[in-house]
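Have a look at the structure below, then the notes.
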Amino acid sequence: MNTDATALTVHQTARPHGFPTAEHFAFVESAVPEPAPGTALVESLYWSVDPYHREMMDGDFALHAPLEGRTLGRVIASRTPALPEGEIVFHRRGWRTHAVVTPEEARRVARFDGVPLSAHLSILGGTGLTAYVGLTRVAELREGQDLFVSAAAGGVGTATGRLARLMGAGRIVGSAGTAAKAAHLTEHVGYDEVFDYHAGPTADLLAKAAPDGIDVYMDNVGGEHLEAAISSLRAYGRIVRIGTIAQYNATGAPYALRNLPDIVEKSLRMEGFLVANHRDVEEELYEFVVPHLQSGRVGLDETVVEGFEHIVDAFLGMLRGENRGKMIVRAATEA
């Protein structure tokens with residue numbers, strides 16, 4: 001191990017009010033840590049920045065301490081046979097170039113011929129698992145049913161479109177933040193129609209995109225999108241609550257839904273879930289999607305930012321919607 005090397009860690013320095021800025025973070029330099037008996041030192045190769053990190057900034061992240069995040073890395077020094085040197089592992093001690101982990105905190109990454117490592121942070125990772133669990137376990141999507149997905153150009157949104165198409169969904173409608181993203185989703189990801197939600201009231205745009213209604217709403221946004229979906233859902237429709245991006249940076253009162261009685265009148269079901277409670281579904285996801293990744297039927301929807309020094313920029317850019325698909329940061333050595 002190079003004893004002259006330094007490690008970089010990102011700390012949160014203050015709680016944001018509204019949209020965070022680079023000033024809410026600091027890069028902290030230190031010596032590369034040494035693994036203690038029973039642990040291993042991992043050099044990070046890929047980092048995930050996710051919408052839920054914004055929620056954690058309000059109190060779950062400790063100030064002036066390393067942050068949590070999904071990470072892929074290579075074991076470079078080990079003092080446990082469970083994590084041999086050279087092994088590629090997944091762990092959650094993200095936002096740092098080097099991490100000391102126990103076998104309980106890290107797991108070996110399954111390698112599939114022809115599938116890039118980064119897929120384990122996008123469609124094969126928590127992002128794809130969120131979409132898969134939402135469609136199969138919560139929505140119980142059946143062939144031919146029509147679907148609406150908000151934030152369709154994000155990591156979960158693109159994975160949802162890809163997986164729903166493989167599952168035989170009927171009409172797949174999405175919303176996105178620009179006309180260019182909307183065009184990309186219909187041309188490359190498998191959506192039938194996507195509208196730019198800045199183009200007018202969401203309820204009107206959704207009614208035009210899905211004039212016959214929808215059976216399932218995959219909700220990454222909340223607020224006005226959720227209200228529009230409730231109005232468009234047919235009887236016995238399902239709402240899968242994944243996230244509430246619309247409120248993460250809001251400083252005022254949350255959006256007040258005006259049509260909640262429709263949930264009763266139309267016998268709708270609304271259910272949320274945490275993907276961490278569904279890790280047992282991971283192998284099923286691999287079996288379902290890996291052959292399609294290998295054949296090229298399913299592409300990877302990833303926006304890759306080079307260099308750990310840009311991880312804060314990548315995170316803020318993701319919150320501004322600058323990504324298509326999953327936002328991933330890649331170590332310069334992996335470029």
Side-chain angles (χ1 to χ4, degrees), residues 50-52 54 122-123 127-128 130-131 134-135 138-139 141 145-165 167 169-234 237-250 254-259 262 268 270 272 301 303 317-327:
D50 295 284
Y52 80 86
R54 173 62 190 87
S122 59
I123 198 163
T127 298
T130 296
L135 289 168
V138 185
L141 180 72
Q145 291 188 328
D146 300 323
L147 188 72
F148 172 46
V149 185
S150 54
V156 173
T158 49
T160 299
R162 299 267 188 195
L163 295 174
R165 182 56 69 215
M167 293 172 188
R171 186 170 176 77
I172 307 177
V173 173
S175 70
T178 68
K181 284 184 177 181
H184 173 80
L185 290 166
T186 54
E187 291 167 15
H188 301 291
V189 180
Y191 277 84
D192 293 294
E193 185 155 350
V194 181
F195 58 83
D196 174 0
Y197 63 82
H198 295 109
T202 308
D204 295 347
L205 295 167
L206 177 57
K208 183 180 177 184
D212 298 324
I214 55 174
D215 299 296
V216 172
Y217 172 44
M218 298 286 279
D219 185 18
N220 296 292
V221 173
E224 189 181 350
H225 275 75
L226 177 55
E227 183 176 86
I230 290 171
S231 293
S232 284
L233 278 159
R234 302 174 183 133
R238 285 90 70 207
I239 300 162
V240 182
R241 296 282 286 119
I242 296 165
T244 313
I245 295 171
Q247 292 175 22
Y248 289 168
N249 297 301
Y255 188 92
L257 300 174
R258 295 168 294 185
N259 58 352
D262 284 7
L268 305 180
M270 179 159 61
D301 302 290
T303 297
M318 179 271 303
L319 292 180
R320 288 191 293 263
E322 294 172 5
N323 53 305
R324 282 183 184 172
K326 180 77 190 72
M327 182 69 96

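Both backbone and side-chain heavy atoms feed into the values below; hydrogens, waters and symmetry mates do not. As the structure is a prediction and not an experimental result, all values here were calculated from the model.
Between D301 and the choices R162, R324, K326, K181, the salt bridge (charged side-chain N to carboxylate O under 4.0 Å, His left out) rule is met once, by R162.
Contact annotation: the side chain of L147 approaches that of L135 to within less than 4.5 Å [non-hydrogen atoms, C-beta and beyond]. For the pair V221/Y197, no side-chain contact is recorded, criterion being any heavy-atom separation below 4.5 Å from C-beta on. Counting heavy atoms from C-beta on, the side chains of L233 and F148 never come closer than 4.5 Å. Side chains of M218 and I242 form a contact here, defined as non-hydrogen atoms less than 4.5 Å apart.
Ion pairing of E193 with R171 is present here, as a side-chain N (NZ or NE/NH1/NH2) and a carboxylate O approach within less than 4.0 Å.
Using a distance-only test at 3.5 Å, with no hydrogens or angles considered, a donor-acceptor pair links the side chain of R238 to the main chain of A139. Within the 3.5 Å criterion, the main-chain N or O of I172 finds a donor-acceptor partner in the side chain of D192. Between the side chain of D146 and the main chain of D215, no donor-acceptor pair closer than 3.5 Å is present. Under a 3.5 Å cut-off, the side chain of H198 and the backbone N or O of G177 do form a donor-acceptor pair.
To the nearest 0.5 Å, atoms NE2 (H225) and CG (L205) are separated by 8.5 Å. Remark: Y191 OH to T186 OG1 distance equals 11.0 Å, nearest 0.5 Å. Atom CG of residue L319 and atom CD1 of residue I245 lie 8.5 Å apart, to the nearest 0.5 angstrom. Here the CG atom belonging to L257 is positioned 6.0 Å from the CD atom belonging to E227, to the nearest 0.5 angstrom.
Annotation for A169 and L141: closest pair CB-CD2, 4.0 Å, computed over non-hydrogen atoms. What you find for T158 and A153 is that their closest heavy atoms are CG2-O, 3.7 Å. S150 and S175 make their closest contact through CA-OG, 3.4 Å (heavy atoms, listed as atom of the first residue, atom of the second, distance). When all heavy atoms of A159 and I123 are compared, the pair lying nearest together is CB-CG1, 4.4 Å. Taking each heavy atom of V240 and G134 in turn, the nearest pair found is CG2-O, 3.7 Å. When all heavy atoms of G222 and T244 are compared, the closest pair comes out as CA-CG2, 4.2 Å.
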Under the side-chain contact (heavy atoms from CB on, under 4.5 Å) rule, what do T127 and D50 come out as? Steps first, then yes or no, please. CA-CA 9 Å; T127 298; D50 295 284; 4.3 Å; yes
Full working for side-chain contact (heavy atoms from CB on, under 4.5 Å) between D212 and R234: CA-CA 9 Å; D212 298 324; R234 302 174 183 133; 3.9 Å; yes
Could you give me the CA-CA distance, side-chain angles and deciding distance for Y217 and I230, then say whether side-chain contact (heavy atoms from CB on, under 4.5 Å) is met? CA-CA 8 Å; Y217 172 44; I230 290 171; over 6 Å; no
Quick one: do L226 and M270 satisfy side-chain contact (heavy atoms from CB on, under 4.5 Å)? Show the steps, please. CA-CA 10 Å; L226 177 55; M270 179 159 61; 4.2 Å; yes
